[in-house]
Amino acid sequence: MGNAFKIEIEPSDASNSRRREERISINLSVEITRYDAAGNVFTERTRIEDVTSVGCRFRTQTELQRGDTVSIKPLVPGQKSLAGVQPQLFEIMWSAPQGTSWTAGARKLEGEKLANVKFPPANSASEHTPK
C-alpha cells in the first residue's frame, strides 16, 4: 500500500500562525530517525502535532539542528510500523527548546506534498499488517 497514515484532525487556531499557509493540527504517532556526522543512528518515537502541504512540526527529546536530515515513518496504534509504508525524508528548518524537550519544524525533501497524501478512515488501522 502507498502512503497511508491514521490521523486525528483537530481544529487549528490560525490566529497563532505566523505563516500564510494553513496548518492542520494532527496527532500522528511516528518514528523519527537521524544520522549524525559520525554515522551514529538515533531513533525516537514521538507525535506529529501539525502539518502543512510541505512540512510538519513535532517534539523530540533530542535537540535537532537546522539542516539535519531525518526520516519519519508513521506508526499504527501499538507503536508498530505500517506495512508497505516507506519512511519519508525531511530537513529540519528550526528547533526550539520547550520545557524538557525540543520542538522542531521540518520540510519534506522528496515525493508527494503532504497535502496530497490520502489518509484512510480511523477504523482502517486494523487492516494494516505490522512488521
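- Through direct or indirect side-chain contacts shorter than 4.5 Å among Ile, Leu, Val, Met, Phe, Trp and Tyr, Y35 is connected to V41.
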For this session: Starting from the C-alpha separation in whole Å, work towards a yes-or-no answer on side chain to side chain donor-acceptor pair (under 3.5 Å) for S29 and R47.
Result: CA-CA 4 Å; S29 294; R47 296 188 168 277; 2.9 Å; yes
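- At a threshold of 4.5 Å between non-hydrogen side-chain atoms, the residues T62 and R34 count as touching.
- Applying the side chain to side chain donor-acceptor pair (under 3.5 Å) rule to T103 yields the partners Q98; only residues at least two apart in sequence or on another chain are considered.
- Distance check, rounded to the nearest 0.5 Å: NZ of K73 to CD of Q86 gives 6.0 Å.
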Exercise. Can you check side chain to side chain donor-acceptor pair (under 3.5 Å) on E63 and Q65, steps first, answer last?
Worked result: CA-CA 7 Å; E63 180 181 6; Q65 301 294 319; 3.1 Å; yes
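- For R107, the side chain to side chain contact (heavy atoms under 4.5 Å, CB included) partners at least two apart in sequence or on another chain are E91, M93, L109.
- By the side chain to side chain donor-acceptor pair (under 3.5 Å) test, E44 pairs with no residue at all, sequence neighbours left out.
- Under the salt bridge (Lys or Arg N to Asp or Glu O under 4.0 Å) criterion, no residue pair touches residues 92-103, with sequence neighbours excluded.
- Interatomic distance, L28 CG to C56 SG, rounded to the nearest 0.5 Å: 9.0 Å.
- The backbone N or O of P87 sits nowhere less than 3.5 Å from a side-chain atom of S71 that would complete a donor-acceptor pair.
- Of the inter-residue distances, the one linking I48 atom CD1 with I24 atom CD1 reads 12.0 Å to the nearest 0.5 angstrom.
- I72 pairs with exactly one of T33, V30, L89 by the side chain to side chain contact (heavy atoms under 4.5 Å, CB included) rule, that one being V30.
- Residue Q61 holds its CD atom at 11.0 Å from CD1 of I32, rounded to the nearest 0.5 Å.
- Ion pairing of E31 with R45 is present here, as a side-chain N (NZ or NE/NH1/NH2) and a carboxylate O approach within less than 4.0 Å.
- Scored by the side chain to side chain donor-acceptor pair (under 3.5 Å) test, R57 finds E49, D50 as partners (sequence neighbours excluded).
- For the atom pair CZ (F58) and CZ (F90), the distance works out to 8.0 Å, reported to the nearest 0.5 Å.
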